[in-house]
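These numbers come from the heavy atoms of this one structure, side chains and all, not from hydrogens, waters or symmetry mates. These numbers were taken from a predicted model, which means no experiment stands behind them. Whatever order the structure lists them in is the order used to number ligands and atoms, beginning at 1.
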Amino acid sequence: MSDVLVRLAQVLEDRKNSDPDKSYVASLHAKGLNKILEKVGEECTETLLAAKDAEHSGEIEDVIYETADLWFHSMVMLSRLGLGPTEVLDELARRFDLSGLEEKASRNK
Ligand SMILES: N=c1c2ncn([C@@H]3O[C@H](COP(=O)(O)OP(=O)(O)OP(=O)(O)O)[C@@H](O)[C@H]3O)c2ncn1[C@@H]1O[C@H](COP(=O)(O)O)[C@@H](O)[C@H]1O
């Protein structure tokens, strides 16, 4: 599942040196970290508004769409800082291991 994140991270790395007129990611880098953080904030707000709507309407498509935008822009932010999804996934795995959930899950198989 995380393969998509790793492959996307590679594209994001490549786009750092691309033409801002031809690449959305390159255009964000050209505008700087503050612009990237502004986009993360916007997508975060759009995601929570979609989630609030979904609770009443049951419409989940917008939640998925906005969460994808949020994850994408978060990855651009990580890339800007020399980080990638692997570091975040490793941290989640570490917490999962710490909680003993992995052990319990494999025992229940
Ligand atoms: N996954 C995405 C992705 N998700 C969302 N977006 C863009 O993120 C923007 C979302 O912001 P908004 O909805 O606010 O749209 P906007 O008004 O155009 O944005 P602003 O002008 O306000 O910054 C849109 O322009 C989307 O096209 C993405 N752009 C690119 N990717 C991936 O990144 C790769 C590299 O993209 P390029 O850099 O464009 O080649 C692509 O191959 C895709 O895999």
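- At a 3.5 angstrom cut-off on N or O pairs, Val25 counts as close to ligand 1.
- The shortest distance between side-chain heavy atoms of Leu28 and His73 falls below 4.5 Å.
- Ligand 1 has a nitrogen or oxygen under 3.5 angstrom from a nitrogen or oxygen of Tyr24.
- Phe72 CD2, 3.5 Å is the protein heavy atom nearest to atom 4 (N) of ligand 1.
- Ser23 is not listed as a side-chain neighbour of His29, based on a closest heavy-atom distance of 4.5 Å or more.
- The shortest distance between side-chain heavy atoms of Val25 and Phe72 falls below 4.5 Å.
- Checking atom 26 (C) of ligand 1 against the protein gives no heavy-atom contact under 4.0 Å.
- The shortest side-chain heavy-atom distance between Lys39 and Val76 does not fall under the 4.5 Å cut-off.
- Heavy atoms only, all atoms of each residue included: Lys52 and His56 are closest at O-CD2, 3.4 Å.
- Contact annotation for atom 17 (O) of ligand 1: protein absent (non-hydrogen atoms, distance under 4.0 Å).
- Nearest heavy-atom pair, Met75 versus Ala9, reported as atom, atom and distance to 0.1 Å: CE-N, 3.7 Å.
- When distances from atom 21 (O) of ligand 1 to the protein are checked, no heavy atom turns up under 4.0 Å.
- The shortest separation from a heavy atom of His73 to ligand 1 is under 4.0 Å, placing the residue in contact.
- Using a 4.5 Å cut-off between side-chain heavy atoms of Ile, Leu, Val, Met, Phe, Trp and Tyr, with links allowed through other members, Leu89 and Met77 fall into the same hydrophobic cluster.
- Interface atoms of ligand 1 facing Glu43, defined by a heavy-atom separation under 4.0 Å, are 10 (C), 11 (O), 14 (O).
- Distances below 4.0 Å separate heavy atoms of Asp69 from the following atoms of ligand 1: 4 (N), 5 (C).
- Considering backbone and side-chain atoms together, Arg15 places an N or O closer than 3.5 Å to an N or O of ligand 1.
- Under a 4.0 Å criterion applied to the non-hydrogen atoms of Glu42, ligand 1 contributes the atoms 14 (O).
- From the protein, the heavy atom lying nearest to atom 44 (O) of ligand 1 is Leu8 CD1, 3.8 Å.
- The shortest contact between atom 12 (P) of ligand 1 and any protein heavy atom is with Lys39 NZ, 3.5 Å.
- At least one side-chain heavy atom of Leu70 sits under 4.5 Å from a side-chain heavy atom of Val40.
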